[in-house]
Q: 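Below are the C-alpha cells for one structure; questions will follow.
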Amino acid sequence: MSIGKQTLRMTPEAARKALYEPGTDGALRNAVWCQAISEAQREKSRRESDTWRLLAVWLGLPGLYRTIHRIERRLAADRADLEGEAVLALLEALDTTDPESADAGSRLVKTAVNQLWAYASRSRREVPVVDIAAVAAAYQARIPLETEPVTAEGWELHITPPPRDEGLAATLRFTESRVQREGERLGALAQCAGLPHLVFRARRHANAARIGTLVLRSPEAER
C-alpha cells in the first residue's frame, strides 16, 4: 500500500493490528482501508477470486464485535446467526463505501452495524411456525406393515410425524377419563380379591340410577 510517496508492505495480521491498535497513525489506517476496499470492489467487478473481499470482511469484523455482544445480551439472539449476518452486512457495505473518503473504514463498519441492528429488530418480531411441508410429508409417509399380528386385547401405537434419527418429533400424551381410570382400578382390585363376577354384575351403566356402593378392602386394611 502507498502512504504518500512511500510504499509499505504489510501482512494481513499487521494491517488488522494497525486498524484497531490505539495510537496508530491515521494516515496508515486510512491507507489500509482504502486499499482493502478498493481492491475488494475491483475484484468483484472483474469476477475474480474473493481474496480481497474476504480480507476486507476479516478486517472489518472486529469493529462489529461489540455490537454483536450487545444484541446477544439484550435480545437473547443466537450468536452464530449474528456473526453470519455481520459477514453479509460487511459484504453489502463494501459495494457502497467510497474507498477514497477519509473515513472509509468508519463508514464501512457503521453501515454494517446499522444493518445488524435492523436484522436483530426484524428477528425479534418473527414468530416460529410449523413446517407445513414437513408435516405434510409425514402424513403422506407410509406406515410399515406389522411383522406380528395385533391381538384384540393389545394396543397399537402410531406416531405422527414419524420419529427421526434424533428422536421423536413430538411429545406423546396419553389421556383417559377419571371414570375409566377408577373402573380399571376397581377391576384390578376385584381380580386380586377373586370377585370379578360380582363386580361385573354390580357395574352401573352411565344412565342408570345408583342403588348401592361396593367397597373393596384388603384383609389387612383397618375397618
Q: State, to 0.1 Å, how close Pro99 and Ala104 come at their nearest heavy-atom pair, and which atoms those are.
A: O-CB, 4.0 Å
Q: Hey, what do you get for CG (Leu54) to CG (Leu59), rounding to the nearest 0.5 Å?
A: 11.0 Å
Q: Provide the closest heavy-atom pair for Asp95 versus Arg53 in the form atom of the first, atom of the second, distance.
A: OD1-NH1, 3.4 Å
Q: So which atom in Val87 and which in Leu61 form the shortest heavy-atom distance, rounded to 0.1 Å?
A: CG2-CD2, 4.3 Å
Q: Do Glu72 and Arg79 meet the salt-bridge criterion of a basic N to acidic O distance under 4.0 Å?
A: yes
Q: Can you name the nearest heavy-atom pair linking Gly63 to Val109, along with the distance?
A: O-CG1, 3.6 Å
Q: Rounded to the nearest 0.5 Å, how far does CG of Leu82 lie from OH of Tyr65?
A: 13.0 Å
Q: Of all residues at least two apart in sequence or in a different chain, which pass the side-chain contact (heavy atoms from CB on, under 4.5 Å) check with Asn114?
A: Lys110
Q: Taking atom CZ of Arg70 and atom CG of Leu64, what is their separation to the nearest 0.5 Å?
A: 12.0 Å
Q: Give the minimum heavy-atom separation between Leu94 and Ala40, together with the two atoms involved.
A: CD1-CB, 4.3 Å
Q: What's the separation between atom OG1 in Thr24 and atom NZ in Lys17, rounded to the nearest 0.5 Å?
A: 9.0 Å
Q: I'd like to know whether CZ of Arg66 has more than 12 heavy-atom contacts from other residues, nucleotides or ligands below 6.0 angstrom.
A: no
Q: Please report the shortest heavy-atom distance between Asp81 and Tyr119, naming the atom on each side.
A: CB-OH, 3.5 Å
Q: To the closest 0.5 Å, what do you measure between CG (Leu28) and CG (Leu19)?
A: 8.0 Å
Q: Kindly determine whether Arg107 and Asp98 satisfy side chain to side chain contact (heavy atoms under 4.5 Å, CB included), including the steps that lead there.
A: CA-CA 9 Å; Arg107 290 177 180 272; Asp98 181 10; 6.0 Å; no
Q: Could you tell me whether the side chain of Gln41 and the main chain of Thr97 form a donor-acceptor pair under 3.5 Å?
A: yes
Q: Got a donor-acceptor contact below 3.5 angstrom from the Asp103 side chain to the Ser106 backbone?
A: no
Q: So among Leu91, Asp50, Leu88, which one has a side-chain contact (heavy atoms from CB on, under 4.5 Å) with Val57?
A: Leu91
Q: Any cation-pi pair here, Arg16 with Trp58, using under 6.0 Å and within 45°?
A: yes
Q: Could you walk me through whether Gln35 and Trp52 satisfy the side chain to side chain contact (heavy atoms under 4.5 Å, CB included) test, starting with their C-alpha distance in whole Å, then the side-chain angles of each, then the deciding distance to 0.1 Å, before giving a yes or no?
A: CA-CA 9 Å; Gln35 181 168 2; Trp52 278 99; 3.8 Å; yes
